Amino acid sequence: MILGVETSCDETAVALVTHDGKILANVVSSQADLHARYGGVVPEIASRHHLELLLPVLREALAEARATMDDVGTIGVTVGPGLIGALRVGTAAAKALAWARRLPVVPVDHLHGHVASLYLEPEPLPPPFLCLLASGGHTMLLDVRDESGYVVVGTTLDDAAGEAFDKGARLLGLGYPGGAEIDRLSRDGDPEAFSFPVARVSGHDFSFSGLKTALLYTVRDLPPRELEQRRADLAASYQRAIVRALVERTLAAAESLGADRVAVVGGVAANSELRASLPKAVAAPLPLCTDNAAMIASAARYGEAIQYPHYLALDAYAAA
Ligand code: KG4
Ligand code: ZN
């Protein structure tokens, strides 16, 4: 089986996946509560907690799969993009585990990992397809022709969609991470109550910074009592604008590229309005939308394995 390790942000994750894509264990320990008091992820705190959590999470994954390290044939690990210190904890752990047993290591690109969340059992999606990847760090349209990679056809010019959700949540006085909070609150609000702009940039790119500023001004201009009463309306209208931008851009790209199939992955793919607004698209299963290691082990199946001792020189990278 393949051992997947993911530590690019604030989730410490280890998974065990078979070569044909069955998930045997998928353990994610989120540090979100630890970072919430700071309103966002503090990189140094994330690195330290990865260090503390990685071995317990590995033990839990092995127990869940009723396996031991003897059953592991390959280790797949996220090498970037992400927080460099956090990534280094994961890569160092993967290298040490592999070195001790002379196992090969497959370096995995985190974005390829999100796409590979679609290749797992029980309902793997075979390429080709156009993939909307919307997470806290990235918002991209990817032309996926085979399992080994993707071609970027569009990207955000400023904030990622998840970042827009998180910053919006903060302006509305909701917790961190904000996407799920806005999603929940929006159910009680009127999405047409406020009209927020949907940026139209050229090509297949996205832009969310204007939207965030529009929310900032709206919140600032509302008297405190009204703000309190209309929080759900604000959340619903703001979510509607983000989802509309994602859906419009994705469908336009699908049409211009002649893509028959559309898929959605990444943390924002968990959003209920986005999932409902793209009824024909294949969305990643909910537990595989936000960061996890099953998707990393899945991607490792299609990556290049580095044999001992060459991976000892492997390093992480912060930006793609
Ligand atoms: O993929 P992910 O776990 O991490 C990155 O690679 O960035 O995505 C995290 C992002 C956060 O910005 C979070 O607010 C957002 O996904 N998110 C959501 C929902 N659940 C998580 N955004 C909108 N609606 C949700 N239900
Ligand atoms: Zn991610």
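Numbering of ligands and ligand atoms starts at 1, following listing order. This one's a predicted model, so the numbers in the text were calculated from it and none came from an experiment. Just so you know, residue 1 is the first one in the sequence shown, and it goes up from there.
- Contacts with ligand 1 closer than 4.0 Å are made by heavy atoms of both the backbone and the side chain of N271.
- Protein N/O/S atoms closer than 2.8 Å to the Zn ion (ligand 2): H110 NE2, H114 NE2, D291 OD1.
- Looking at ligand 1, you'll find an N or O of D291 within less than 3.5 Å of one of its N or O atoms.
- Under the 3.5 Å distance criterion, with hydrogens and angles disregarded, no donor-acceptor pair is assigned to the side chains of D205 and T155.
- Taking CG of L216 as the reference point, atom CG of L171 lies at 5.5 Å (rounded to 0.5 Å).
- With rounding to the nearest 0.5 Å, the separation of SG in C131 from CG in D143 is 10.5 Å.
- For Y119 and Y302, the ring centers sit closer than 6.0 Å to each other.
- Counting heavy atoms under 4.0 Å from ligand 1, residue T290 touches it through both backbone and side chain.
- Among protein heavy atoms, the minimum distance from atom 12 (O) of ligand 1 is reached at D166 OD2, 2.7 Å.
- The CD1 atom of I2 sits 8.0 Å away from the OG atom of S298 when rounded to the nearest 0.5 Å.
- Of the N or O atoms in G162, one or more lie within a sub-3.5 Å distance of an N or O in ligand 1.
- Between the CG atom of L174 and the CZ atom of R231 there is a distance of 6.5 Å, given to the nearest 0.5 Å.
- Annotation: the span from M140 atom CE to H114 atom NE2 amounts to 11.0 Å, rounded to 0.5 Å.
- The environment of E123 atom CD is sparse: at most 12 non-hydrogen atoms of other residues, nucleotides or ligands sit within 6.0 angstrom.
- You'll find the side chain of L222 reaches within 4.5 Å of the side chain of F194, heavy atoms only.
- For atom 7 (O) of ligand 1, the closest non-hydrogen atom of the protein is G136 N, 2.8 Å.
- At least one N/O-N/O distance between G179 and ligand 1 falls below 3.5 Å.
- Here H138 has no heavy atoms under 4.0 Å from ligand 1, in either its backbone or its side chain.
- Annotation for R170: atom CZ does not count as buried by contact number, only 12 or fewer foreign heavy atoms lying within 6.0 Å.
- Side-chain N or O atoms of T139 include one that pairs as donor or acceptor with a backbone N or O of A161 at under 3.5 Å.
- Taking every heavy atom of H110 and a limit of under 4.0 angstrom, the matching atoms of ligand 1 come to 6 (O).
- Residue G266 has no N or O atom closer than 3.5 Å to an N or O atom of ligand 1.
- Looking at H114 against ligand 1, only its side chain comes within 4.0 Å, counting heavy atoms.
- Here the straight-line distance linking atom CD1 of I84 with atom CG of D315 works out to 6.0 Å at 0.5 Å rounding.
- The protein non-hydrogen atom at the shortest distance from atom 17 (N) of ligand 1 is G267 O, 3.5 Å.
- In terms of protein heavy atoms, atom 26 (N) of ligand 1 is closest to D183 OD2, 2.9 Å.
- Cluster membership for V144 and L278, using ILVMFWY side-chain heavy atoms within less than 4.5 angstrom, is not shared.
- Under a 4.0 angstrom heavy-atom cut-off, C9 registers as lying outside contact with ligand 1.
- Annotation for ligand 1: atoms under 4.0 Å from non-hydrogen atoms of G137 are 7 (O).
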